[in-house]
Structure formats: structure tokens, C-alpha cells
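Structure first, commentary second.
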Amino acid sequence: EFFSSTDELRNLVKNDQKLLSSLKELSKELERTNLYVKKILNNIKDEHILMTKDVDSYIFNPLNAFSLIKRLTHDVDSIQQSLEFTKKITAKLEEIKLPESELSGAVEGIYRLQNAYELKTEDFVRGIIQNKRYRRELLPSDLIVLAKEMRKFDAKYTNDYFKVAKELSLKYDQHTRLSFLEELFEIYNSTSKYDEAVDVLDEILKINPSFPKYEETRMNIELLSLFNNQNDQMEAIEDPYLLEGSHYTNPKEGMIYSKACRQELKKSIHETSQLHCRYISKTFFTKIAPFKFVEANLDPYIGIYLDVISEKEIESLKTLARENLHRAEVLGFNKTTRVSRVRVAQLSWPDEWKHTIFQTLNNRVNDMTGLNMKTSERWQIQNYGIGGFYGAHHDYADVGQIFGGDTGNRIATTLLYLSDVEKGGGTVFPLLRIYVPPVKGTAVFWYNLSSSGDRGTLYLKSVEFIECLICLLILEYLTRHAACPVLIGSKWVANKWIREYGQESARPCDLTPKLTDEKYFLRLYDLKDYGIDA
Ligand SMILES: O=C(O)CCC(=O)C(=O)O
Ligand SMILES: [Fe+2]
């Protein structure tokens, strides 16, 4: 799979090179074959006319009989053979051809980006992204493919793409424009968009007044459009992969998430005034070289460590990850995992004994947090794809979910950024109004479980709690977070999940129970509070 990792996409450059050279070869070969076929055709044509003038006297002459037989043996054979070459070239094309799901994945990525960052189609197709021009505009023929694929995801964008394609086609020569308009006409006609179809038909007529059955088609269409209301409904999605996952993030959360990704959700001055920057050292060694630390939230506790990993270490991690990048999955119930539309990335969990860097980084996280790394999970290294993202989720195992390892739930997360991202790709905690920019070398750290709890929190989804041996650690629902779609660039991150067991002295239980009530959770998704009119 390529669309789900920008790093994997780089491998397609050589396929594109192969496509180019195959096409050059094919075009030359077709010219040669064409000349050859024409030559044979002319010979055969002359002989054939001669033969049909008087069949008997032609056939009874042994030279003519020979010529007839030769045409139907040798000539047919050599035409077939000359086509064999072109077959060989087309077989090469088969090798580089990607499955349809790649196109679908790429277009869904574009859909996600337009949605999350409110990118206008007119600007986007002209290569303008957030006021900067990145490339020349797409060709109308590309736009048609994009628009057709977009029907799986969004009706409005689909219409936008067709409209823009029609505008842009004005700049092309008549022949190109005509074939484009004919295709557009077919699409509108077959999807019952009759008003649009008639408009296109009128344009076609301006270029080619003898467009077949114009008047008749037009009348039919006008009749049909009387009986059909224009519907902007999306094409029905049947692909189970596309259906699955849309409910992973609930729609309200999705709206808050997008707003957070656009950096439009800010904490109040009152809240930010409680947050501090400082030097931090949790182990003896780091007393002389403490970490720079920025608080992002007090309860649940979230903070950002600056400059925690070097360029060289980052390169080692990427190299190790590349050995086994594969599509990321999400956790289902009962230890099951599955590919999901809400997580478009590829990742790798290298064995930690394979390289000393992992122990070095484990020690570093221990220096940063004071937490015991013995029960932690392996480093997970991740690269995002086209519009790559990870929808709102929590890192802890929910009731009914289990992580392997028998070391308890994920008490904390350390998320390291291994790259800068030109646009997009931040990490957001929508309910806490936090946007963390992806800055190479920094790390976000947070506790997924609170240090004290009470069964009072059972209000949340009625059973969202887990018991641990020492105390009741409550799932911190507010740590729901998401990776925003990557707009421009390649985003690499590394996750270190720290488990509950072994942290008893590093993070003792708090004696004041943390209480929340039902109303509190209901209020979390009140869209008005986030400045969204429902
Ligand atoms: O990449 C990010 O910004 C967040 C990743 C994340 O939340 C995860 O992998 O669990
Ligand atoms: Fe996460």
C-alpha cells in the first residue's frame, strides 16, 4: 500500500519512470507496427479486389492460390508477431499498475484535507494551498478522475470538481475540450443531473453542431428532468472498508477535532496563565542536563519536552522502521485489531534488542518522566500518508478492550516527533483545546490514567473504569486526542506507551478521589462551547 505512507510513496518514483519509458517504447513500436500493417493491408486489398472480380480464374491460377494461402498463413502470423512486441510492453505496464484502492485512498485523503482545513476546490486544483502556490493546476482529465472518485465521499466536492473542470477546459484545444465535455455529459446524464447535462450539451453543440442525435437527446433530457428532482445525494457506498470506521469518531467530536486542527480552539487566558515552562529532571543524571519542558495541561497532566532526540538518532529510527512498515490498525474488542479508515498511516514495532538506540531512548524517557520502563511497550514508529491522520481516540484500553503483555493498562504516552511537517499534522486534544505542533525532536507526554479515582466516575458510559491491584486508576477521558491530517510534508512519529505495573513508587496514588458526574460528560460535546453552530 502506498497512499497510507508518504515514505512508501517515494518508492513510486521508479514506477513512474518505468511508465514513461514503456510508453516511449510502446509509441515507437506502434508506429512501426502501423506502417507494417498498412503495407500488408494495401497488398491484400489489391489482391482481394483482383480476386473478387473473377473468383474462379483467380483461384485456378496456382500463383494466385499460393498468394491467397500465403496471406492467410504467413501474413496473419507476421501481423500477430509484430503485435507480440507491443504485448510485451503492455505486460510491463501490468507490473507497475496499482490496485484501484490506491486511487480511492488518495482521493479520500484529499477529501479529508479539504474538510479539515476548509480548502476551497477552486484554489486547491490550481495548486494553491493556504495562500501558497505549490504546483500548476491539474488537467481537466485528472479532475474528472478525481471528481468521479470523490462521489464515494462527498457530493458537494464532487460538484465543485466537475464545475471547476468545466471552467478549466475552456483553455484547452477544441478536440481535448470536446472529449472532456462528452465524458462530463455522460456522467451528468447517468447520474440524473439533467440540468447540468443540458448545459454541457449546449456547450458541445457550440463546438460540434453535428453532435449525434443532439435534438433528440436534449428533448429526452428535458422531459426526464421534469420528473426528477435534482438530488445531491452521494453515490451509495458499498465497499465495506469505506463503510467501516466512519463511526469510530462521533460526528460532533469530528467537528470539534477539525476546528482544533485549524488551531481555532484556544484555552482561556485564565487557563493558560496557570501553565508554566521550566527545566525538569527526574533522575540523578539529568540534574546537570535537565530537559526543557512546557506544560500544556494540568489535569489530566500533559506536557511538551523540547530537544529530546538528535538528528542521528532520528535517522536510525526511520531506517529501522523502514524494514517493516505496514498499514496501521486500530484496537477492536477482545484483543482484535483491524485496518480502519480512521487511521491512515503505516508503522513498525522493531524488536528492541536489534539496536542499542532503543535502550538509550528508554533511559531517556525514564530521565524525562521518572517512570519505570521495564513494563513499557516496544517503540512504535509511524509515518502518515496522503491526508494521513488518526481520528479522535484514547490510548488506554477501554472496558472490553485488552492489550497484550499482562502489565496493566497504558498509564502514560510519550509521543516523539521525528520530522517537521510543512503544513498540518499537529496533534490535538480537542476536549482540552490543545494543539501541539509537530516539531522535530520534541515529545509530548501525558497520563492516560488518573492517579486516583472513585467509582463515582462510572457515570461515563456507565462502566468506563478499570481496577488495578494497588488502587483504582480511572481512565482519563479528556485525553482523547487525534493526529490532524498531513497537508504538506511527511510526518514521522514514535510512540512509547508506558504501562501501569511497576509505577507504584514512581507515581503513587493520590488520596483525594477525582469525582465527576454525568452532567459533566454530557457537557463535553456541547458544540456551542466550541463556537460551532449546530
Ligand atoms: O501522530 C500523532 O500526532 C498522534 C499519534 C497517536 O495518537 C497514536 O499513535 O496513538
Ligand atoms: Fe494516540
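Just so you know, ligand 1 is whichever comes first in the structure, and atom 1 is the first atom listed for that ligand.
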In this structure, are over 12 heavy atoms from other groups packed under 6.0 Å from [X] atom [atom1]?
| X | atom1 | result |
| --- | --- | --- |
| K282 | NZ | no |
| K423 | NZ | yes |
| I269 | CD1 | no |
| R136 | CZ | no |

Quiz item: Is the distance from the Fe ion (ligand 2) to the nearest N/O/S atom of H393 under 2.8 Å?
Solution: yes

[atom]: nearest protein contact (heavy atom, Å):
| atom | value |
| --- | --- |
| atom 3 (O) of ligand 1 | T427 OG1, 2.5 Å |
| atom 5 (C) of ligand 1 | Y384 OH, 3.4 Å |
| atom 7 (O) of ligand 1 | H481 NE2, 2.9 Å |

When you compare ligand 1 with [X], is there at least one nitrogen or oxygen pair between them that comes in under 3.5 angstrom?
| X | answer |
| --- | --- |
| K491 | yes |
| Y390 | no |
| N495 | yes |

Practice problem: Check each heavy atom of R343 against ligand 1 and say whether those closer than 4.0 Å belong to the side chain, the backbone, both or neither. | Solution: side chain

Exercise. Examine the proximity of ligand 1 to D395 and report which part, side chain or backbone, both or neither, has a heavy atom under 4.0 Å away.
Key: side chain

Looking only at non-hydrogen atoms, find the nearest pair between [X] and [Y] and report the distance.
| X | Y | value |
| --- | --- | --- |
| L418 | I314 | O-CG2, 3.3 Å |
| K374 | N372 | N-OD1, 2.8 Å |
| A443 | V308 | CB-CG2, 3.9 Å |

Quiz item: Any chance the rings of F429 and W446 have centres within less than 6.0 Å?
Solution: yes

Which of the atoms of ligand 1 are close to [X], meaning less than 4.0 Å from one of its heavy atoms?
| X | value |
| --- | --- |
| L415 | 2 (C), 3 (O), 4 (C) |
| Q382 | 9 (O) |
| V493 | 1 (O) |
| A483 | 1 (O), 2 (C), 3 (O), 4 (C) |
| H393 | 6 (C), 7 (O), 8 (C), 10 (O) |

Self-check item: Name of the D395 atom (N/O/S only) found closest to the Fe ion (ligand 2)
Solution: OD1

Practice problem: Just give me the atom name: the N, O or S atom of H481 closest to the Fe ion (ligand 2). | Solution: NE2

Quiz item: Taking NZ, NE, NH1 and NH2 as the nitrogens, is one of them in K496 or E352 under 4.0 Å from a carboxylate oxygen of the other?
Solution: yes

Self-check item: Pairing of K318 and E315 as salt bridge, 4.0 angstrom limit
Solution: yes

Quiz item: Among Q346, K491, R343, which one satisfies side chain to side chain donor-acceptor pair (under 3.5 Å) with Q382?
Solution: R343

Quiz item: Touching ligand 1 at all, W497? Heavy atoms, strictly under 4.0 Å?
Solution: yes

